[in-house]
Amino acid sequence: MATTAAVGAVATGAFTAIVPAMEDGTATSAAADGPFDAGLASNSTAFDAVAPAASMVPVELAAQAESVEDHVARVVQAADLAKLHAEQAEQQRIAGIIERGGLDGWIAEALQILDLPQSLAPGVKRIVLKESNGNPRAINNWDANARRGTPSQGLMQTIPTTYRHYVHPDLKNRPITDPVANITAGIRYMIEHYGMSTVKSGGRSNSAGNYVGY
C-alpha cells in the first residue's frame with residue numbers, strides 16, 4: 001500500500017507552485033492557503049506586535065536627562081546670584097567712597113555719573129594730582145591761558161570754554177570749581193582727544209614716562 005504523496009502543480013495567481021498532493025489528489029492546506037502570502041502576513045503581524053514606538057524613551061534615560069537639566073539650571077541660577085551679589089557689593093563700596101567725600105569720593109562720583117568703570121579711578125587720580133594737587137579751587141595764573149585771560153581752574157585744570165563744552169549735561173549749572181563737575185569735563189575732553197587708554201594710564205607722558213598734561 002503506497003504511503004507517499006504525489007506531487008502536483010497548483011496555480012497561485014502570479015506563479016504556479018509545485019506542492020505535494022494527498023493520495024486523493026487534493027492539495028495540502030498549507031499549499032491551498034498560499035505559503036508565500038501567508039508567511040508575509042504572519043511575519044508583518046508579529047513585527048508590529050513587538051516593535052517599539054519610535055518616540056518611546058527608556059524611563060532611566062528620561063530621568064537622567066531631567067537630572068542633567070535640573071543641575072544645569074541650578075548652576076546657572078547660582079552664577080546669576082553670585083553676579084548679583086558682586087554687583088551689589090561694588091555699588092555699596094562706591095556709595096561708601098562717595099559718602100566719605102574727598103578726592104576719591106569725587107572721582108568715584110564723576111565716573112558713576114559718566115557711566116564709566118571705576119577701574120579708571122587710579123588713572124584719573126594721577127591726572128588730578130598732577131594738574132591741581134587735589135585742590136578744587138586751584139587756578140593757574142602763569143601759563144598761556146592765563147595770559148589770554150582764561151586761566152585753567154579746578155581739579156582737572158580746564159579753561160572756562162572747555163569746561164562749558166565738556167561738563168556732563170546733568171552738572172552744567174555747577175561752577176567750574178565744583179570738584180565732580182570739573183572731573184567730568186576733564187575726563188570727557190581727554191577721551192575725545194586722546195582716548196580711554198590715556199585716561200586709564202593717568203594722562204599723557206613723554207618718552208621718558210614723565211607726565212606732560214593734556
Side-chain angles (χ1 to χ4, degrees), residues 75-214:
V75 170
V76 171
Q77 184 179 27
D80 290 343
L81 288 175
K83 182 179 179 181
L84 176 61
H85 291 160
E87 291 174 350
Q88 291 175 340
E90 177 64 8
Q91 291 173 0
Q92 292 175 356
R93 184 184 75 84
I94 299 305
I97 295 174
I98 294 172
E99 184 177 357
R100 289 193 295 271
L103 182 54
D104 290 337
W106 299 330
I107 293 172
E109 186 175 356
L111 290 172
Q112 188 177 71
I113 291 172
L114 294 173
D115 196 24
L116 292 173
Q118 294 293 327
S119 59
L120 294 175
V124 175
K125 187 173 184 178
R126 180 175 184 268
I127 296 168
V128 168
L129 292 176
K130 291 292 184 180
E131 293 290 338
S132 65
N133 199 30
N135 178 8
R137 294 183 176 83
I139 299 178
N140 186 323
N141 291 312
W142 55 266
D143 66 2
N145 289 321
R147 290 193 293 271
R148 287 193 293 266
T150 55
S152 302
Q153 302 176 57
L155 289 176
M156 299 283 280
Q157 288 293 282
T158 62
I159 63 174
T161 54
T162 298
Y163 173 78
R164 288 192 296 271
H165 182 76
Y166 288 98
V167 67
H168 190 276
D170 291 347
L171 310 178
K172 65 181 181 180
N173 294 324
R174 296 188 184 186
I176 191 171
T177 53
D178 180 275
V180 176
N182 192 276
I183 292 173
T184 66
I187 291 176
R188 295 180 76 196
Y189 174 89
M190 289 192 67
I191 291 175
E192 181 173 314
H193 290 272
Y194 306 111
M196 187 79 72
S197 60
T198 302
V199 178
K200 186 174 183 178
S201 63
R204 297 170 61 222
S205 301
N206 58 24
S207 58
N210 297 320
Y211 182 83
V212 296
Y214 68 97

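Reckoned from all heavy atoms, side chains included, excluding hydrogens, waters and symmetry mates. The chain is numbered in sequence order, starting from 1. Note that the structure is a prediction, hence the values are computed from the model and not measured.
Taking all atoms of both residues into account, the shortest heavy-atom contact from P122 to Q118 is CD-O, 4.2 Å. G154 approaches N182 most closely through the heavy-atom pair CA-ND2, 3.6 Å. The minimum heavy-atom distance between Y163 and A181, with the atom names listed, is OH-CB, 3.2 Å. Nearest heavy-atom pair, R126 versus S201, reported as atom, atom and distance to 0.1 Å: NH1-O, 4.0 Å.
Separating the CE atom in M190 from the OG1 atom in T158 is a distance of 12.5 Å, to the nearest 0.5 Å. Taken to the nearest 0.5 Å, the CG atom of N135 stands 9.0 Å off from the CD atom of Q157. Once rounded to the nearest 0.5 Å, the distance linking CG of D170 with NE2 of H168 reads 4.5 Å. In this structure, L155 CG and I127 CD1 are separated by 12.0 Å, a value rounded to the nearest 0.5 Å. Between the CD1 atom in I97 and the CG atom in D104 there is a gap of 6.5 Å [rounded to 0.5 Å]. Atom CG of D80 and atom NZ of K83 lie 7.5 Å apart (nearest 0.5 Å).
Qualifying ring-ring contact (aromatic ring centres under 6.0 Å, His included) partners for Y189, counting only residues two or more places apart in sequence or in other chains: Y166, H193, Y214.
Looking at heavy atoms from C-beta onward, L129 lies in side-chain contact with L103 at the 4.5 angstrom threshold. Side-chain atoms of M196 and L120, non-hydrogen and from C-beta on, do get closer than 4.5 Å to each other. A 4.5 Å side-chain heavy-atom check between T161 and T150 finds every atom pair outside the cut-off.
With M156 as the partner, the side-chain contact (heavy atoms from CB on, under 4.5 Å) test is satisfied by one option alone out of V128, T184, T162: V128.
Heavy-atom contacts from other residues, nucleotides or ligands closer than 6.0 Å to CD of Q88 number more than 12. Atom CD of E99 is surrounded by 12 or fewer heavy atoms from other residues, nucleotides or ligands within 6.0 Å.
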task: Please test I159 against R148 for side chain to side chain contact (heavy atoms under 4.5 Å, CB included), starting from the C-alpha separation and ending with a verdict.
output: CA-CA 11 Å; I159 63 174; R148 287 193 293 266; 6.0 Å; no
Would you mind writing out the side-chain donor-acceptor pairs for residues 105-115 within the sub-3.5 Å range, not counting sequence neighbours?
none

Determine all donor-acceptor pairs shorter than 3.5 Å in which one atom belongs to a side chain in residues 136-143; sequence neighbours excluded.
residue : atom : partner : partner atom : Å
N140    : OD1  : W142    : N            : 2.9
N140    : OD1  : W142    : NE1          : 3.3
N140    : OD1  : D143    : N            : 3.1
N140    : ND2  : D143    : OD2          : 3.4
D143    : OD1  : N145    : N            : 3.2
D143    : OD1  : A146    : N            : 3.0

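In terms of modelled atom types and a separation under 3.5 Å, the side chain of N206 and the main chain of A208 share a donor-acceptor contact.
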